[in-house]
Number of protein chains: 2
Amino acid sequence: MSLRHAVLGLLTSGPASGYDLMKRFESSLGYVWSATQSQLYGELTKMADEGLVEVAAEGPRGRKEYAITEDGRAALLHWMTEVEPEPLRRNGLLLRAFFLHLVEPDKAVAFLRHQADLAAQQHEELSKLAELVAEEEPCPENTSGRIVLEYGLRASATYRDWADWAEKQI
Amino acid sequence: MSLRHAVLGLLTSGPASGYDLMKRFESSLGYVWSATQSQLYGELTKMADEGLVEVAAEGPRGRKEYAITEDGRAALLHWMTEVEPEPLRRNGLLLRAFFLHLVEPDKAVAFLRHQADLAAQQHEELSKLAELVAEEEPCPENTSGRIVLEYGLRASATYRDWADWAEKQI
DNA sequence: GCATGCATGTAATCCGTTACATGATTTA
DNA sequence: TAAATCATGTAACGGATTACATGCATGC
C-alpha cells in the first residue's frame, strides 16, 4: 500500500504528470520503491478520487499534471511518522542461501562468488554516485538523498563481505 | 513465484503436512520468506497438480503429508543455481528515509532512533540464537542456517549503525 | 464435557506485472 | 515525412492478505 506514499513524496517537490513520475521512479526512487507504468496511472486516478492529489493543469497530448493536496500531505506525514514500517519478509537471495547445502559445493561457491561480485559492482556504482552528490551544495532536500545513498553503500559492502566470507565457509 | 521453492526446500528434510510447514514458516523460514496459511494450502494443491509434490500419507483429521517428487527436486535445484535472483525493489524504511526532510527534525530523529533501537534489539536476539546454534555439532544442513544467521547479524548491525549515523546528520 | 490444538479449505479483495492499444507532438 | 518521445489508458492474470468456515482429536 506504499506506492501512493512514494507518489505523494515525489509530488512534494512540485506538480508532475504520470509520465514525469515514471521517469523519477526509473531513475532514483526505483531503487527504494518500484512501480510499473500501468500501476502508476491507475494509482494516480484512485488517489485523485480519494482527494489525495488533484489535476492542477492539463497540457498537450492529454497530459495531466497532478499536485498534492492538503489531505495528501497530511496522509504522507501521518504515514511517515505514525505508521510502523513493516519488516521485510521476502528475500530470494537468503532463501537460496538457506538451502545452499542442497547443491554441490562448487555450485554453491559459484553462487556466492557471483553474489559477491554483483554487490561489489553495485558498491562501486554507488560510490561514483556519492562523489557526484558530494559536489552539490548541501540543503535539507538532498540530505535525505545522501542518507539513503549512505545506506546503499553500507548495505552493499555488508552483502559483498558476507558473500566473500560465506564462500570461504564452504 | 518463490513460495513453491521455499516449500520444496522445506520438504527436502522429509514429508510434512501444510500445518507442519506453516509452523516452520512461522518459526525459522519466515524471516526469509513468509506465507499465510491460505496461500500455503493453495500452493500445495497446485504443486501436487503439477507433480512437484505428492501426497505420501494421510492421517487423522484429514491430514495430508506431502513429499517432494523427483520433478520437485529438479525444479528446486534449477531455481537455486540457474535462476538469477531478482534484486529487492521495495523497502518501506528507505522510502521513508528518502523523504525524511519533509518532517520536523525532531520527528526525523525520533524515527531514526527508533529504527536503531529495533535493529539493536534484533541483533541481540540473533546473537543469542547464534550462541545456541554454535553448540550444535556441525553438519552440512546447519551450515546453511549459520550462513543465513551470519547475514542477519551483519545486516542488523549495519542497519543499526547506519541509523545511529543518520541520526547525527540531522 | 470443554478448551486447546490440529488440520484443511473457500471467497473476496487488493496489489503488481505483462501485454495490448492508441494517439499527439516534436525534431531531424 | 519518419522516428523518437510524450502521454495515457485497459484487460487478463497471478500472487498475497484477510476473513470466514468447518470439524476432528487429545488431554484435562
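Order of the sequence lines sets the chain letters (A, B, ...), proteins ahead of strands, with each chain counted from 1.
Note: Tyr151(A) and Trp162(B) have perpendicular aromatic rings, judged against thresholds of 30 and 60 degrees for the angle between ring planes.
Closest contact between the side chain of Trp33(B) and the listed nucleotides dG9(C), dC24(D), dA16(D) involves dA16(D). Of the listed nucleotides (dG9(D), dT25(C), dC6(D)), dC6(D) has the atom at the smallest distance from the side chain of Lys23(A). Closest to the Ser17(A) side chain, of the nucleotides dT8(D), dA24(C), dT8(C), is dT8(D).
Residue Glu136(B) places its CD atom among more than 12 non-hydrogen atoms of other residues, nucleotides or ligands, all under 6.0 Å distant.
Rounding to whole angstrom units, CE of residue Met1(B) and P of dC15(C) are separated by 23 Å. Rounded to a whole Å, the CE atom of Met47(B) is 16 Å from the C1' atom of dG14(D). Taking atom CD of Glu26(B) as the reference point, atom P of dT17(D) lies 13 Å away to the nearest angstrom. The CD atom of Glu43(B) sits 12 Å away from the P atom of dG14(D) (whole-angstrom rounding). Following rounding to the nearest Å, Glu50(A) (CD) and dC14(C) (C1') show an atom-to-atom distance of 13 Å. Atom P of nucleotide dT25(C) and atom CD of Glu58(A) are separated by 14 Å, given to the nearest angstrom. Residue Arg61(B) contributes atom CZ, which lies 8 Å from atom P of dC6(C) at whole-angstrom precision. Atom CD of Glu65(B) is separated from atom P of dT8(C) by 9 Å (rounded to the nearest Å).
In terms of position along DNA chain C, the nucleotide closest to Lys64(B) lies nearer the 5' end than the nucleotide closest to the other residue of the pair Lys64(B) and Arg89(B).
At a threshold of 4.0 angstrom between heavy atoms, the contacts of Arg90(B) are confined to the sugar-phosphate backbone, with no base atom among them. Counting any heavy atom pair closer than 4.0 Å across all strands shown, Met22(A) reaches no nucleic acid atom.
In this model, a side-chain donor or acceptor of Gln37(A) finds a partner on the base of dT8(D) within 3.5 Å. Evaluation of atom-type donor-acceptor distances gives a pair under 3.5 Å for the side chain of Ser38(A) against the base of dT10(D).
In this structure, Tyr41(B) and Leu21(B) have side chains that are not in contact, with every pair of non-hydrogen atoms separated by 4.5 Å or more.
For dC15(C), the OP1/OP2 oxygens have a side-chain nitrogen or oxygen of Lys46(A) closer than 4.0 Å. In terms of phosphate contacts, Arg63(A) brings a side-chain nitrogen or oxygen within less than 4.0 Å of OP1 or OP2 of dA7(D). Taking 4.0 angstrom as the limit, Gln39(B) places none of its side-chain polar atoms (N or O) nearer than this to OP1 or OP2 of dG15(D). Phosphate proximity of dG9(C) to Tyr41(B): absent, as no side-chain N or O sits under 4.0 Å from OP1 or OP2.
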* Would you sort out whether Val7(A) and Leu52(A) count as a side-chain contact (heavy atoms from CB on, under 4.5 Å), showing the intermediate values? => CA-CA 10 Å; Val7(A) 170; Leu52(A) 301 173; over 6 Å; no

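The distance from atom CD of Gln115(B) to atom CG of Leu93(B), rounded to the nearest 0.5 Å, is 5.0 Å.
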